[in-house]
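Here the structure is a predicted model, which is why all the values come from computation and not from measurement. Scope of the values below: all heavy atoms of this structure, side chains included, with no hydrogens, waters or symmetry mates. Indexing begins at 1, ligand by ligand and atom by atom, following the structure's order.
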Amino acid sequence: MSLVQTARTVRENAYAPYSNFKVGAAIRATSGVVYAGCNVENVAYPEGTCAEAGAIAAMIAAGDSAIAEVAVIADSPKPVSPCGGCRQKLAEFADGSVKVTMTTVDGVTQETTIADLLPGVFDAAHMERS
Ligand code: THU
């Protein structure tokens, strides 16, 4: 199954009763294993947890920590774009060159990279004097 197809399938499981905006994400780790995540909202924090964060959590829980490729999908007019917080979370585990495929359920697709999503990323090098 392609990474986008995995994201499309897991999106169906999203729990988004407050936004009604279901998102699916899939991460292929450098090990080759694919991890899936969907957004999960709750009444106290209706923004919930993003799909990308869910896929990262699954990857870390399984013992992988290096991202080779990312796909994100939603039912949006233009390819869904990871939120700011998720860009930082993805950058923690992915080189800038890692491909990110953003797509709609209709198949409108845009490819980018971690570096293009988060130019000037805050990283460990900024803390080298600490
Ligand atoms: N959402 C994601 O899952 N990923 C993103 O990158 C953008 C936003 C979710 C969070 C919330 O459940 C809903 O979309 C609306 O913000």
Inset, instruction - Give the atoms of ligand 1, by number and element, whose distance to some non-hydrogen atom of Cys50 is under 4.0 Å. - result: 1 (N), 2 (C), 3 (O), 4 (N), 5 (C), 8 (C), 10 (C)
Inset, instruction - For Glu47, take its heavy atoms, then give the atoms of ligand 1 lying under 4.0 Å from any of them. - result: 10 (C), 11 (C), 12 (O)
Legend entry - Atoms of ligand 1, numbered as shown, that sit under 4.0 Å from any heavy atom of Pro82: 6 (O)
Legend entry - Within-shell test, Ala16 vs ligand 1, heavy atom, strictly < 4.0 Å: no
Inset, instruction - Answer yes or no for atom 3 (O) of ligand 1: protein heavy atom present at a distance under 4.0 Å? - result: yes
Legend entry - Min heavy-atom dist Gly54 to ligand 1 below 4.0 Å: no
Inset, instruction - Below 4.0 angstrom from a heavy atom of Glu41, which ligand 1 atoms are there? Numbered from 1 as shown, please. - result: 11 (C), 12 (O), 13 (C)
Inset, instruction - To the nearest 0.5 Å, tell me how far Phe93 CZ sits from Ile60 CD1. - result: 4.0 Å
Inset, instruction - Check ligand 1 against Ser19 and write out every atom of the ligand that is under 4.0 Å from a heavy-atom position of the residue. - result: 13 (C), 15 (C)
Inset, instruction - For the pair Tyr15 and Tyr18, name the ring-plane relationship: parallel under 30°, tilted 30 to 60°, perpendicular over 60°. - result: perpendicular
Inset, instruction - Using a cut-off of 6.0 Å, state whether more than 12 heavy atoms not belonging to Tyr45 lie near its atom OH. - result: no
Legend entry - Nearest-0.5 Å distance that lies between atom CD in Glu41 and atom OG1 in Thr49: 9.5 Å
Inset, instruction - Output yes when a side-chain donor or acceptor of Thr103 lies under 3.5 Å from a complementary backbone atom of Val108, and no otherwise. - result: yes
Inset, instruction - Report the part of Ser81 (side chain from C-beta onward, or backbone N, CA, C, O) that has a heavy atom under 4.0 Å from ligand 1; answer both or neither where that applies. - result: backbone
Legend entry - Side chain to side chain, Thr101 and Leu3, heavy atoms closer than 4.5 Å: no
Legend entry - Cys83, any N or O under 3.5 Å of ligand 1 N or O: yes
Legend entry - Any N or O of Cys86 closer than 3.5 Å to N or O of ligand 1: no
Inset, instruction - Return yes when atom CG of Asp95 has more than 12 non-hydrogen atoms of other residues, nucleotides or ligands closer than 6.0 Å, and no otherwise. - result: no
Inset, instruction - Could you list which atoms of ligand 1 come closer than 4.0 Å to a heavy atom of Glu52? - result: 2 (C), 3 (O), 4 (N), 5 (C), 6 (O)
Inset, instruction - Measure from atom 9 (C) of ligand 1 to every heavy atom in Asn20, Val80, Asn39, Val72 and give the option owning the shortest one. - result: Asn39
Inset, instruction - Look only at interatomic distance and state if Thr49 has a nitrogen or oxygen under 3.5 Å from any nitrogen or oxygen of ligand 1. - result: no
Legend entry - Check: Arg11 side chain, Ala74 main-chain N or O, donor-acceptor pair, under 3.5 Å: no
Legend entry - Test item: Val105 and Arg8 side chains (from C-beta on) under 4.5 Å apart, heavy atoms: yes
Legend entry - Heavy atom of the protein closest to atom 14 (O) of ligand 1 (residue, atom name, distance): Phe21 CD2, 3.4 Å
Legend entry - Backbone of Glu69 reached by a side-chain donor or acceptor of Arg28 within 3.5 Å: no
Inset, instruction - May I ask you to list the atoms of ligand 1 that are less than 4.0 angstrom from any heavy atom of Ala51? - result: 2 (C), 3 (O)
